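Note sheet for the following structure.
Since the structure is predicted, the reported quantities are computational estimates derived from the model, not experimental observations. Side chains are part of it too, since the values below use all heavy atoms of this structure and drop only hydrogens, waters and symmetry mates. Residue numbering restarts at 1 for every chain, and letters A, B, ... go by the order of the sequence lines.
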There are 2 protein chains.
Amino acid sequence: MKFIANINVMPLKALLDPQGKAVTGSMKNLGLPEIDNVRIGKHITLEVEAASEEVAKAKVNDACTKLLCNQIMESFEFNLTPIK
Amino acid sequence: MKFIANINVMPLKALLDPQGKAVTGSMKNLGLPEIDNVRIGKHITLEVEAASEEVAKAKVNDACTKLLCNQIMESFEFNLTPIK
């Protein structure tokens, strides 16, 4: 079975997100002062081949902890959707 | 009313995503050959103050087209969640 994983990797709440801070400031200059608290992370989609949803979940979790997410500074969450 | 917007900005399907390609290759080296077709974009969360969901939607759309997303190379989608 094949699954599509949608992964979000975000900077930890406790840490300053300088990119987000810069964008929050730019919003004011663009005439959008109603927008606040911008935080910027990564969105990753990938396909994973696995016998079951549990196996796929374990593999994606592995990929996140080993490569996609630096757990000192970031947290991740994901969901899986089976394809055909 | 305050809303939280969850925005995904992804490279267009038709374009090569070199960062995703590199990560796909690394997955093989990490012992995860089942993972394929990695694409990497941005995940952005922000708070927006607006009178109604329609107004909030318009503002977030504005922010995406003006600043967050380069529509020549990227596409975006978002959803809004009211808070309190």
Side-chain angles (χ1 to χ4, degrees), chain A residues 1-11 13 17 19-52 55-69 74-80 83, chain B residues 1-11 13 17 19-52 55-69 74-80 83:
Chain A
M1 260 176 108
K2 229 174 191 176
F3 299 86
I4 289 191
N6 277 288
I7 307 166
N8 289 330
V9 179
M10 294 301 285
K13 284 250 154 51
D17 171 16
Q19 202 187 353
K21 268 272 177 301
V23 170
T24 308
S26 301
M27 288 298 175
K28 317 284 180 244
N29 302 333
L30 271 177
L32 292 163
E34 304 85 354
I35 290 178
D36 201 17
N37 237 324
V38 182
R39 291 188 78 82
I40 301 183
K42 283 177 290 186
H43 183 70
I44 301 159
T45 62
L46 52 82
E47 287 174 24
V48 55
E49 178 79 53
S52 71
V55 178
K57 213 174 259 185
K59 282 193 195 302
V60 174
N61 200 70
D62 224 30
C64 287
T65 51
K66 280 189 185 164
L67 183 60
L68 300 173
C69 174
E74 296 167 326
S75 66
F76 68 91
E77 49 171 30
F78 64 88
N79 60 56
L80 290 171
I83 40 179
Chain B
M1 259 176 107
K2 229 172 190 176
F3 298 86
I4 289 190
N6 277 289
I7 307 165
N8 289 330
V9 178
M10 295 299 287
K13 284 250 153 52
D17 171 17
Q19 201 187 353
K21 269 272 176 301
V23 169
T24 307
S26 302
M27 289 297 175
K28 318 283 177 246
N29 303 333
L30 272 175
L32 292 163
E34 304 86 354
I35 289 178
D36 199 18
N37 237 325
V38 182
R39 291 188 79 80
I40 301 184
K42 284 177 288 183
H43 182 69
I44 301 160
T45 62
L46 53 82
E47 286 172 25
V48 56
E49 178 79 54
S52 71
V55 178
K57 211 173 258 184
K59 281 193 196 303
V60 174
N61 200 70
D62 225 28
C64 287
T65 50
K66 280 188 184 166
L67 184 60
L68 300 172
C69 174
E74 296 166 326
S75 66
F76 68 91
E77 50 172 28
F78 65 88
N79 61 55
L80 289 172
I83 40 178

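- Using a 4.5 Å cut-off between heavy atoms, B:A50 does not touch chain A at all.
- For the side chain to side chain contact (heavy atoms under 4.5 Å, CB included) test with A:V38, the passing option among B:V48, B:T45, B:I44 is B:I44; the others fail.
- Between A:L67 and B:V23, some side-chain heavy-atom pair lies under the 4.5 Å cut-off.
- Other residues, nucleotides and ligands place more than 12 heavy atoms under 6.0 Å from the NZ atom of A:K28.
- Only the side chain of A:L68 comes within less than 4.5 Å of a heavy atom in chain B; its backbone stays farther off.
- The environment of B:K42 atom NZ is dense: over 12 non-hydrogen atoms of other residues, nucleotides or ligands sit within 6.0 angstrom.
- Between B:T24 atom OG1 and A:E47 atom CD the span is 9.5 Å, to the nearest 0.5 Å.
- Put simply, CD on B:E77 and NE2 on A:H43 are 6.5 Å apart, with the number rounded to the nearest 0.5 Å.
- Rounding to the nearest 0.5 Å places CG of A:N37 at 8.0 Å from CD1 of B:I4.
- In this structure, A:M27 CE and B:K59 NZ are separated by 12.0 Å, a value rounded to the nearest 0.5 Å.
- With a 4.5 Å cut-off on side-chain heavy atoms, A:D36 and B:L46 do not count as touching.
- Proximity to chain B involves both the backbone and the side chain of A:I40, based on heavy atoms less than 4.5 angstrom apart.
- Note that NZ of B:K66 is 5.5 Å distant from CG of A:L32, once rounded to the nearest 0.5 Å.
- No side-chain heavy atom of B:V60 sits less than 4.5 Å from a side-chain heavy atom of A:E34.
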